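Since the model is a prediction, treat every value here as computed from it, not as a measurement.
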Amino acid sequence: MKEPASKKAAFMGKVSIFSKVVAAKVDLAKDKADALKHQGTLNKKRCFTLLVIADPNIDWPKWFRGRKIHTDWDIRVEQCQFKDLTVSASSDDGISAGIVSYKSGIRTVNLLKPDFLLIRQDPRDAGEDFKSVLLGFQYGQVRSINSLQSIYNFQDKPWVYAHLLGLQKKLGKENFPLIEQSFYQNHMEIVHKGGYPCVFKIGHAHGGLGKVKVDTAEAFQDLAGVVAVSSQYCTVEEFVDAYCDLHIYKIGTKYKALMRKSLSEGWKTNVGESEIQEVPVQDKYKVWIDEVANLFGGLLLCSLEAVVDIAGKEYIIEVNDCAMGLLGDGQDEDRKHMADIVINEMETHCKPPAVPPPKPPPPASDAGSRPDSSLSNAESLEKGKATASETSSIKGDTEKSKETPKKVEPKKDPIKKEEKKEEKPKKEAKRDRSEEKAKKEAKRLEKEAKRERERKQAEEEERLRKEEEAKKEAERREAERKKKMQRDESEESEASVISRQKTNDSDDTESDSEESDSGSESSNASSTIVRKTEKNSVAKPKIKPA
């Protein structure tokens, strides 16, 4: 009966793994589609820059796509690691950061000016120390989650443990069960008074690095020698035979507790395969994490780690800040919650630049002082009406005695007054519509001008390319012409050499024939024959015996 059950469990395990893989592929496809949807929608003139310092395996920009602050201000997200950052700052210009990248061996720096930081990576670890980057950001007065002051305080674990000791004295050992620990400045001060086994920690490190389980006094002395070489401080704490470890998170106002049980045989619960299970957040867990969240001016993101022995007793071993590691299946939900906290903080601390108030219109007296203006003409008409009314009133005084009934002036209609009051907001709405229309027209003209500039730039590049091709073609033709001339000259020189050889041979044959003729005609014992050749050369005489 056990074999079918084991086969069924194995089959269900494979199905669960397959479903996880499929779900991951679906999420990746959704992320790509979402990225394409929001591509090119960033308004660079109305945006704030968020710099996320985190592991590159986590795509943080996707949690901020399409999100806005102050109604219509976009969030530009840049992500990198501490090792890829270069930071400078000044009292006048503020912060200036750059993301260093290498392409084909060429170093390029993408400059930016961050308005807000989300730090999800430890600035200091075994072999790495980027404290100078924190100093630059603090010099530039850049806001971050958590605050730069709190992150700076987490650079040494003994410093954090000392503050946890303060919490234990405040709450009591039973309400805050902090593990017992001893601190040694250097190897000369190490005198262990506790029992064995114990846990020996060298310097500041994460992820189980620099931690050794010591079983005997001889091994303890050997490790003390290692501390002498490393020039580091060290801490020693009692060893707890852990059944599991406990991780309590506080992200903003959200609480979460996870239990991790190691499936390997090692004493470190964070090494090898493990089983993770979410557990209810007890009231005492909330008290612990709330007290921790008040350290160093307040921690919006923090976690607390504790180990639980076989008897169920809990020991608090350390606290992590915003660079805390996430566990379990709800990691995406935790990151989304972190993104919400970042957006709320940016809404509070990142204010849009103040818009200068519009210039007030000129006073009416200035406009009416011009003789040709419409106001001056209206004033003259009003003056004429006033004089006419005065003359008519003088004439009418004489006639008033004759008139017995008095004229009753008509009362003003209240409906007309309300209509006049309603006309004002209508005018303002009309003015707003005209301003909005003018803004849209300006944007349209700006887009057209941009397209025109791009078109001209493309034409200029095309013209330069054609000129370059024409220049190369002309150089090629010139080279071919020179080669052809060289070939022609070489052929002409060879032809001239051949012709000179032929003429020399013909001259020799002619001279032999002439000499034979002259020998037959002359009978004297010694006779000299002089002959001119075609080249005006004198031939030597030949003497024949009698």
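Under a 4.0 Å N-O distance rule, the pair Glu435/Lys437 does not qualify as a salt bridge. Between Lys83 and Glu128 there is no salt bridge, since no side-chain N of the basic residue sits under 4.0 Å from a carboxylate O of the acidic one. Between Asp74 and Arg46, no side-chain nitrogen of the basic residue sits less than 4.0 Å from a carboxylate oxygen of the acidic one, so the salt-bridge criterion is not met. Taking 4.0 Å as the cut-off between side-chain N and carboxylate O, Asp55 and Arg120 do not count as a salt-bridged pair. A salt bridge does not link Asp340 to Lys254: none of the charged nitrogens lies less than 4.0 Å from a carboxylate oxygen.
The aromatic rings of Phe130 and Phe82 lie parallel to each other, their planes meeting at an angle below 30°, with 60° marking the opposite boundary.
With contacts defined as side-chain heavy-atom distances shorter than 4.5 Å, the pair Leu301/Asn146 qualifies. Between Leu258 and Leu246 there is no side-chain heavy-atom pair separated by less than 4.5 Å. Within the 4.5 Å cutoff, no side-chain heavy atoms of Trp73 are placed close to those of Asn43. Residues Val87 and Phe137 have side chains in contact (heavy-atom distance under 4.5 Å, counting atoms from C-beta outward). Using a 4.5 Å heavy-atom cutoff, the side chains of Lys131 and Arg124 are not in contact. The side-chain heavy atoms of Ser96 and Lys113, taken from C-beta on, include no pair separated by under 4.5 Å. Side-chain contact between Asn153 and Val160: absent, with no pair of heavy atoms (C-beta onward) separated by less than 4.5 Å. In this structure the side chain of Val236 never reaches within 4.5 angstrom of the side chain of Phe183, judged on heavy atoms.
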* side-chain hydrogen bond (donor to acceptor under 3.5 Å, both in side chains) assessment of His349 paired with Glu345 -> CA-CA 6 Å; His349 299 293; Glu345 290 295 310; 3.2 Å; yes

* Going through the checks in order, is the ring pair (Phe, Tyr, Trp, His ring centres under 6.0 Å) test met by Tyr196 and Phe239? -> CA-CA 8 Å; Tyr196 297 95; Phe239 173 75; over 10 Å; no

* In sequence, state the C-alpha distance, the side-chain angles, and the governing distance for Glu446 and Lys45, and then conclude on salt bridge (Lys or Arg N to Asp or Glu O under 4.0 Å). => CA-CA 14 Å; Glu446 184 179 356; Lys45 293 182 179 180; 3.0 Å; yes

Would you list the atom pairs, donor with acceptor, under 3.5 Å between side chains in residues 313-321 and any protein atom, with sequence neighbours excluded?
from, atom 1, to, atom 2, distance (Å)
Glu314, OE1, Lys284, NZ, 3.0
Glu314, OE2, Tyr285, OH, 2.9
Glu318, OE1, Lys157, NZ, 3.0
Asn320, ND2, Glu305, OE2, 2.9
Asp321, OD1, Ala323, N, 3.3

Could you list the donor-acceptor pairs under 3.5 angstrom formed by side chains in residues 161-172, with sequence neighbours left out?
from, atom 1, to, atom 2, distance (Å)
Tyr161, OH, Ile179, O, 2.4
Tyr161, OH, Gln181, N, 3.4
His163, ND1, Trp159, O, 2.8
Gln168, NE2, Phe176, O, 3.3
Lys170, NZ, Glu291, OE1, 3.2

Donor-acceptor list for residues 101-111 side chains, cut-off 3.5 Å, not counting sequence neighbours:
from, atom 1, to, atom 2, distance (Å)
Ser101, OG, Thr108, OG1, 2.8
Thr108, OG1, Ser101, O, 3.3

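Side chains of Arg335 and Gln331: a donor-acceptor N/O pair is present below 3.5 angstrom, by distance only.
Within a 6.0 Å sphere centred on CD of Gln185, other residues, nucleotides and ligands contribute 12 heavy atoms or fewer. Residue-environment remark: CG (Asp283) stays at or below the threshold of 12 foreign heavy atoms within 6.0 Å. Atom OH of Tyr152 has 12 or fewer heavy atoms from other residues, nucleotides or ligands within 6.0 Å.
In this structure, Lys286 forms a cation-pi arrangement with Tyr255, its terminal cationic atom sitting closer than 6.0 Å to the ring centre and no more than 45° off the ring axis.
Separation of atoms CD1 (Ile53) and CG (Leu118) is listed at 8.5 Å; rounding is to 0.5 Å. Going from atom CD of Glu333 over to atom CD1 of Ile251 covers 9.0 Å, rounded to the nearest 0.5 Å.
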